[in-house]
2 protein chains.
Amino acid sequence: MKLTTKGRYAVMAMADLASYANGKPISLTEISLRQNISLSYLEQLFLKLKNKNLVKSVRGSNGGYILVKSPSEIRLSNIIFAVNENVKTLSCKKDSKKGCNHKSTKCITHNLWADLEEHINGFFEKIKLEELVNKDKRF
Amino acid sequence: MKLTTKGRYAVMAMADLASYANGKPISLTEISLRQNISLSYLEQLFLKLKNKNLVKSVRGSNGGYILVKSPSEIRLSNIIFAVNENVKTLSCKKDSKKGCNHKSTKCITHNLWADLEEHINGFFEKIKLEELVNKDKRF
DNA sequence: ATAATTCCTATTAAATTAGTAGGGTTTAAA
DNA sequence: TTTAAACCCTACTAATTTAATAGGAATTAT
Ligand code: FES
Ligand code: FES
């Protein structure tokens, strides 16, 4: 079980954005340099973050991105969700009555994985972007 | 972030083993049929489970596998760990002072991921195999 | 003997992830 | 009005990982 870069980068970039926020837009080039993330990859992520209304963009020279809400109003779950890095623990269709074993009942571990999913989502929901950038930070 | 089949199958198979335990060894063929998991794949998993002393094997005709300990003494973390499906949330070397960003300090999100790892491991540590197979089961 | 079974390694196929590429559009500022 | 910095968007490719298959050896009850 591995955390992939998409979610990791998204959170890193948002934390960077929050840390260096100064009212003016921050360009992806800056973030790319500071966090060592490929610019083009960042662009892809920020498209999604923008679609989910977590950041807004300013085009043209001197442009960049700005947080739409304050870091205290952004949960990590929002970020993770925006880039489609939700945890997927079930191998069966959630709605279907069929199990991952192709039988007519859910498998013996189904509820376990469902629980795990909640447990992990809970973690991301609990934490706000603020907590990553605060001086007296928890992280 | 996805739970892969290795950990999932390992837990399923161990739960199956616990459910159908009757003192006699249970063959992988049975488990394979009941849980719809490729026999050969199961074999690979059980080699590892055996190496970690979670099951013991009985070779030859009528052979199979038997749990070494009672389901109340086996934590899911033991199973997950046995098949190397531990969660890996960090992209940097844990011991190194260098960060995932190739800089000399850990990145802004490092402690967050470390926390997440603990959080998930905690989940698996908390739950015993017993809880998956009990009549009055939680799952 | 035979068939069922574990044991073990190697290989391949499939899927996913990570990253690159390339061209378009917008805009501040020289 | 030209230029350069930036966002915008899609497609493609490379790399890695996962899942599964293959094939045979060793063991043992019947
Ligand atoms: S995970 Fe849902 S039935 Fe197995
Ligand atoms: S994850 Fe450890 S430094 Fe970024």
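Reckoned from all heavy atoms, side chains included, excluding hydrogens, waters and symmetry mates. Here is how names work: the chains are called A, B, and so on, in the same order as the sequence lines, proteins then strands, and each is numbered from 1.
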Chemist: Can you confirm whether more than 12 heavy atoms, excluding those of B:K52, are under 6.0 Å from its NZ atom?
Modeler: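 Counting neighbours around NZ of B:K52, 12 or fewer heavy atoms of other residues, nucleotides or ligands fall under 6.0 Å, so no.
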
Chemist: Report yes or no: does A:R8 contribute a side-chain atom to a donor-acceptor pair with the main-chain N or O of B:W113 at less than 3.5 Å?
Modeler: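 It does not hold such a pair.
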
Chemist: Under 6.0 Å from the six-membered ring centre of B:Y20 and within 45° of its axis: does the NZ or CZ of B:R34 meet both?
Modeler: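 Yes, B:R34 lies over the aromatic ring of B:Y20.
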
Chemist: Mind calculating the distance between CG (A:N62) and P (D:dC7) to the nearest angstrom?
Modeler: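 About 11 Å, once rounded to whole Å.
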
Chemist: Does A:T4 put a side-chain nitrogen or oxygen below 4.0 Å from OP1 or OP2 of C:dT16?
Modeler: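 Checking A:T4 against C:dT16: no side-chain N or O falls below 4.0 Å of OP1 or OP2.
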
Chemist: Any donor and acceptor pair, going by atom type alone, linking the side chain of B:S32 with main-chain N or O of B:I37 inside 3.5 Å?
Modeler: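 Confirmed, B:S32 side chain pairs with B:I37 backbone.
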
Chemist: Can you tell me the distance, in whole Å, between the CE atom of A:M1 and the P atom of D:dT17?
Modeler: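 Computing the A:M1:CE to D:dT17:P distance gives 17 Å.
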
Chemist: May I have the distance from B:F46 (atom CZ) to C:dC8 (atom P), rounded to whole angstrom?
Modeler: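 Taking atom P of C:dC8 as the reference, CZ of B:F46 is at 15 Å.
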
Chemist: Give B:S27 one of three labels, base, sugar-phosphate or nothing, depending on what nucleic acid heavy atoms sit under 4.0 Å from its own.
Modeler: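 Here B:S27 touches the backbone only, sparing every base.
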
Chemist: Starting at OH of A:Y41 and ending at P of D:dA11, how long is that distance when rounded to a whole Å?
Modeler: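 For the pair A:Y41 OH and D:dA11 P, the rounded distance is 18 Å.
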
Chemist: Working to the nearest 0.5 angstrom, can you tell me the gap between B:M14 CE and B:L45 CG?
Modeler: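 It is 11.0 Å, given to the nearest 0.5 Å.
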
Chemist: If you assign each of A:R59 and A:K6 to its closest nucleotide in DNA chain C, which residue comes earlier from the 5' end?
Modeler: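 The answer here is A:K6.
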
Chemist: Counting the atoms with a prime plus P, OP1 and OP2 as sugar-phosphate, which does A:G63 contact under 4.0 Å by heavy atoms, base, sugar-phosphate, or nothing?
Modeler: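 Since only primed, P, OP1 and OP2 atoms lie under 4.0 Å of A:G63, the category is sugar-phosphate.
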
Chemist: Nearest to the A:T29 side chain among D:dT18, D:dA6, D:dT21, which nucleotide is it?
Modeler: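 Of all the options, the side chain of A:T29 is nearest to D:dA6.
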
Chemist: Nearest whole angstrom, please: distance from the P of C:dC7 to the CG of B:L42.
Modeler: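 Roughly 13 Å, once rounded to whole Å.
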
Chemist: In a check of side-chain contact (heavy atoms from CB on, under 4.5 Å) between B:C92 and each of B:H102, B:K106, B:K98, which one passes?
Modeler: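 Of all the options given, the one that passes is B:K106.
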
Chemist: Choosing from C:dC7, C:dT16, D:dC7, which nucleotide comes nearest the side chain of B:L47?
Modeler: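 Ranking C:dC7, C:dT16, D:dC7 by closest atom to the B:L47 side chain puts C:dC7 first.
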
Chemist: Considering only side-chain heavy atoms of B:K50, which listed nucleotide, D:dA19, C:dC8, D:dA11, is closest?
Modeler: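 Looking only at side-chain atoms, B:K50 lies closest to C:dC8.
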
Chemist: For a quick check of understanding: with a heavy-atom distance under 4.0 Å over all strands, which category does A:Y65 fall into, base, sugar-phosphate or nothing?
Modeler: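 It contacts sugar-phosphate atoms only.
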
Chemist: In whole Å, I'd like the distance from the CG atom of B:L3 to the C1' atom of D:dT17.
Modeler: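 To the nearest whole Å, that distance equals 15 Å.
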
Chemist: Identify which nucleotide among C:dT20, C:dC8, C:dG19 has an atom closest to any side-chain atom of A:Y9, counting heavy atoms from C-beta outward.
Modeler: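 Ranking C:dT20, C:dC8, C:dG19 by closest atom to the A:Y9 side chain puts C:dG19 first.
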
Chemist: Side chain of B:S61 only, please: which of D:dC8, C:dA3, C:dA18 is the nearest?
Modeler: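 Per side-chain heavy atoms of B:S61, the pick is C:dA3.
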
Chemist: Could you say whether A:T5 or A:V58 is positioned toward the 5' end of DNA chain C, judged by the nucleotide with the nearest heavy atom to each?
Modeler: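 On the 5' side of the pair lies A:T5.
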
Chemist: Provide, to the nearest angstrom, the distance between the NZ atom belonging to B:K2 and the P atom belonging to D:dT18.
Modeler: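 Answer to the nearest Å: 9 Å.
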
Chemist: Can you check the B:I66 CD1 to C:dT6 P distance for me, whole Å?
Modeler: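 Computing the B:I66:CD1 to C:dT6:P distance gives 11 Å.
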
Chemist: Between the side-chain atoms of B:E43 and the base atoms of D:dT21, is any donor-acceptor pair under 3.5 Å?
Modeler: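 There is none.
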
Chemist: Starting the side chain at C-beta, find the nucleotide from D:dC8, D:dT21, C:dC8 nearest to B:S38.
Modeler: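 Nearest nucleotide to the side chain: D:dT21.
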
